[in-house]
Amino acid sequence: MASYIYPKFGYRRSQEQAEGIVKRHPIVVIGAGPIGLTAALDCAARGQPVVVLDDNDTVSIGSRAVCYAKRPLEIWDRLDCAAPMVDRGVSWNVGRVFFQDQLSYEFDLLPEADHQWPAMINLQQYHLEEILVAKCRANPLIELRWKHRLISLKQAADHATLAVETPDGIFTMEAQWVIACDGANSDVRKMVGAEFTGQFFQDRFLIADVAMKADFPTERWFWFDPPFHRGQSVLLHRQADKIWRIDFQLGWDADPDEEKGPERVIPRIRAMLGEETEFALEWVSIYQFACRRIDNFRQGRVLFAGDAAHQVSPFGARGANTGVQDIDNLAWKLAMVLRGEASEALLDSYHEERAYAADDNILNSTRATDFITPKTRVSRYFRDAVLELARHHGFARPLVNSGRLSTPTPYATSALNTPDDNAMMGGVRPGTNAADAPITVDGKPAWFLHCLGDGFTVVAFGKETDKTEIAVGPLKAKLIVVGRDIADPSGLLAARYGVSPGTTYLFRPDQYVAARWTGFDEASIADAMLRASGHDTAGRKELAA
């Protein structure tokens, strides 16, 4: 069974370092993991040049993040990355939870048809990063700088100054904005003195990537107290290349150095798979995890995303998925500020919305961890009773928590939302990501999200107009009329959006609903566009006049 061969990305001396000049870049991204590479692609898609600094020269070692949910796939699809990820990965919708040697219950993350993307794909992080690196290399607005280590950062009113170490020595560069995607142990976070607070869990887990031929189905399997690993939990996922990811709970007192040894790992896997199964270890790691976040996602000219901004447990696949959604929220706002279409105050909404999402993820992650690793005898009795009852009684199944799998957090309280009037019922509320649906364009099958694109978009149901655009101040929104520009032959689009004749939706550039109405009113739409761009009441009145 062949092992993955890690690519080497060549170091190149930049022109500014060679010439000894200090160049100011609009955006510098720190860290070329999935979040940093996504940041570069999203900013470049909005016309912004980006420099990415990474102190390494290859992809991440080991599978690391492996589960990617439907919403990040929709974001990567907008960046022309999702199709190769799905082709390379393993798609799945179904999960099973076992208690001891019995099936407790199963679930389907995407039971309804007519969605472009699966609920989840499993793909080793190194494969995912290779796809993202290739897309970045093909983009003339993105410069990837390998073997560039940030060693200091100082901020001024309108830029940050970065000292960067390379194989050719240290040089200085400047950035109007820095996006810090340098992971849970972020050096940038320490450089700006940001607080990173929350709960650290004592339990240790073993991750093993195992190459084997096995007859497990392509599903998420989670065991509580199985016969092959008594008193603990085990998680199994299939990945690409016939690699299986197995997570073993080890308990509080496990010695990380001892547990990583093959003489400890192999017997655990043999007990699980049986003596006859042939397998080979690809990668082994021990982890403890935390549920915590940064005090403010914006620290002056520095914007934090991914694990540099927040940490959660791996149960529920909320880490990388949440980080990709951070970038989805940030990139359009940063592009508007750089183009002069919005003030820097719009970037404060990045913290407002994504800290709200991080707190939601931390809450879900903490609850899952408490269920998986009970801290008292009473809580263990409760958990085991729930698992036993779930086998036969539907009321107990929602209480089973092996990790609530990642779903987008609606920005229910965001200041960028225009509140509904009382007549709006059902559908997709402001602050919620757009629901996709199959449509037709010029008689050909298409998907609704593709029509939204990456700018402001107004979608009107049943409106008769020759207009194709709505403009206010520096902002423009594409106008799509259902029945004129796109058709809804199945009726699913109307059903998912709770439509009645005249219903109108305004979507932000990240494809979230900014506002909706029972009728079409240009003045209301213009006001909502300005509100969603961070303009206050006075500014909206001035620009609309």
Checklist line | Nearest non-hydrogen partners of R383 and P374, listed with the distance | finding: NH1-CD, 3.5 Å
Notebook entry, point to check: Would you find a donor on one side and an acceptor on the other, under 3.5 Å apart, between the side chain of Y512 and the backbone of P509?
Noted result: no
Next item on the list: Not counting sequence neighbours, which residues clear side-chain hydrogen bond (donor to acceptor under 3.5 Å, both in side chains) with D384? List them please.
Entry: none
Notebook entry, point to check: Checking side chain to side chain donor-acceptor pair (under 3.5 Å) against R354, which of T409, N329, D326 comes through?
Noted result: D326
Note to self: For R292 and Q311: C-alpha separation, side-chain torsions, deciding distance, then whether side chain to side chain donor-acceptor pair (under 3.5 Å) applies.
What the structure shows: CA-CA 5 Å; R292 51 186 177 171; Q311 278 182 277; 2.6 Å; yes
Next item on the list: Would you check if P430 and D420 make a side-chain contact, meaning some heavy-atom pair closer than 4.5 Å?
Entry: yes
Checklist line | Sidechain-backbone polar pair: N296 side chain, R298 backbone, donor-acceptor under 3.5 Å | finding: yes
Notebook entry, point to check: Given side chains that start at C-beta, do those of C451 and V441 come closer than 4.5 Å, heavy atoms only?
Noted result: yes
Margin query: My understanding is that only residues two or more places apart in sequence, or in another chain, count here; which of them pass salt bridge (Lys or Arg N to Asp or Glu O under 4.0 Å) with D42?
Written below: R46, R78
Notebook entry, point to check: Closest approach of R293 and A358, non-hydrogen atoms and distance?
Noted result: CD-CB, 4.0 Å
Next item on the list: Apply the test side chain to side chain donor-acceptor pair (under 3.5 Å) to residues D247 and Y287: give CA-CA distance (whole Å), side-chain angles for both, the deciding distance (0.1 Å), then the verdict.
Entry: CA-CA 10 Å; D247 289 36; Y287 66 87; 3.1 Å; yes
Checklist line | Side chain R96, main chain L103, donor-acceptor under 3.5 Å | finding: no
Next item on the list: First locate atom CD of Q125, then atom CG of L123, and finally report the distance between them rounded to the nearest 0.5 Å.
Entry: 9.5 Å
Next item on the list: Starting from the C-alpha separation in whole Å, work towards a yes-or-no answer on side chain to side chain donor-acceptor pair (under 3.5 Å) for S349 and K333.
Entry: CA-CA 9 Å; S349 74; K333 296 174 180 177; 2.9 Å; yes
Note to self: Between V458 and I480, does the side-chain contact (heavy atoms from CB on, under 4.5 Å) criterion hold? Intermediate values first, please.
What the structure shows: CA-CA 6 Å; V458 176; I480 295 173; over 6 Å; no
Margin query: I'd like to know if E106 and R220 make a salt bridge, using a cut-off of under 4.0 Å between side-chain N and carboxylate O.
Written below: no
Next item on the list: Please name all residues satisfying salt bridge (Lys or Arg N to Asp or Glu O under 4.0 Å) with K467, sequence neighbours left out, ordered by chain then number.
Entry: E522
Next item on the list: Can you see which heavy atom on C136 is nearest to which on L41, and at what distance?
Entry: SG-CG, 3.7 Å
Notebook entry, point to check: Are side-chain heavy atoms of M120 and V90 found at a separation under 4.5 Å?
Noted result: no
Checklist line | salt_bridge(K70, D436) N-O dist < 4.0 Å | finding: no
Next item on the list: Write down the atom of I179, the atom of C43, and the distance for their closest heavy-atom approach.
Entry: CD1-SG, 4.1 Å
Next item on the list: Starting from the C-alpha separation in whole Å, work towards a yes-or-no answer on side chain to side chain donor-acceptor pair (under 3.5 Å) for R516 and Y505.
Entry: CA-CA 4 Å; R516 59 184 185 161; Y505 275 82; 3.3 Å; yes
Next item on the list: Compare all side-chain heavy atoms of V324 with those of I327 and state whether any distance is below 4.5 angstrom.
Entry: no
Check: Given side chains that start at C-beta, do those of L492 and P438 come closer than 4.5 Å, heavy atoms only?
Finding: yes
Notebook entry, point to check: What do you reckon, are the aromatic ring centroids of F224 and F99 less than 6.0 Å apart?
Noted result: no
Check: Do M85 and L128 touch side chain to side chain, with heavy atoms closer than 4.5 Å?
Finding: yes
Item checked: F448 ring center within less than 6.0 Å of Y497 ring center -> yes
Notebook entry, point to check: Got Y68 and N321 here, is their nearest side-chain heavy-atom distance under 4.5 Å?
Noted result: yes
Item checked: Where S533 and L475 come nearest, the two heavy atoms and their spacing -> OG-CD1, 3.1 Å
Item checked: Under the side-chain hydrogen bond (donor to acceptor under 3.5 Å, both in side chains) test, residues paired with Q116 that sit two or more places apart -> H450
Check: Short question: side chain of S60, backbone of Y126 - any donor-acceptor pair under 3.5 Å?
Finding: no
Check: Should we say atom CZ of R484 is surrounded by more than 12 heavy atoms from elsewhere, each under 6.0 Å from it?
Finding: yes
Next item on the list: In plain terms, say whether R496 and E112 are close enough for a salt bridge, that is, a side-chain N and a carboxylate O under 4.0 Å apart.
Entry: yes
Item checked: Check against side-chain contact (heavy atoms from CB on, under 4.5 Å), R245 and L236 -> CA-CA 6 Å; R245 165 79 166 266; L236 176 71; over 6 Å; no
Item checked: Side chain T373, main chain D370, donor-acceptor under 3.5 Å -> no
Checklist line | Which atom of R508 lies closest to which atom of Y411, heavy atoms considered | finding: NH2-CE1, 3.6 Å
Checklist line | Between CG on residue L452 and CG on residue D510, distance to nearest 0.5 Å | finding: 10.5 Å
Item checked: Crowding at CZ, R429 (>12 non-hydrogen neighbours, <6.0 Å) -> no
Check: Got a donor-acceptor contact below 3.5 angstrom from the D488 side chain to the A494 backbone?
Finding: yes
Note to self: For R88, give me all partners under side-chain hydrogen bond (donor to acceptor under 3.5 Å, both in side chains), at least two apart in sequence or on another chain.
What the structure shows: H127, D241
Item checked: Residue E469 excluded, over 12 heavy atoms near CD under 6.0 Å -> yes
Next item on the list: Only one of F304, Y350, Y356 passes ring pair (Phe, Tyr, Trp, His ring centres under 6.0 Å) with F297; say which it is.
Entry: Y350
Margin query: Checking the side chain of D77 only, and the main-chain atoms of L73 only, is there a donor and an acceptor separated by less than 3.5 Å?
Written below: no
Note to self: Let's go through R71 and N433 carefully: what are the C-alpha distance in whole Å and the side-chain angles of both, what is the deciding distance for side-chain contact (heavy atoms from CB on, under 4.5 Å) to 0.1 Å, and is it a yes or a no?
What the structure shows: CA-CA 9 Å; R71 180 57 193 154; N433 62 293; 3.8 Å; yes
Item checked: Q511: side-chain hydrogen bond (donor to acceptor under 3.5 Å, both in side chains) partners, not counting sequence neighbours -> none
Margin query: Is it the case that the ring center of H237 lies less than 6.0 angstrom away from the ring center of W92?
Written below: yes
Next item on the list: For the pair N417 (side chain) and P419 (backbone), establish whether a donor and an acceptor sit closer than 3.5 Å, ignoring hydrogens and angles.
Entry: no
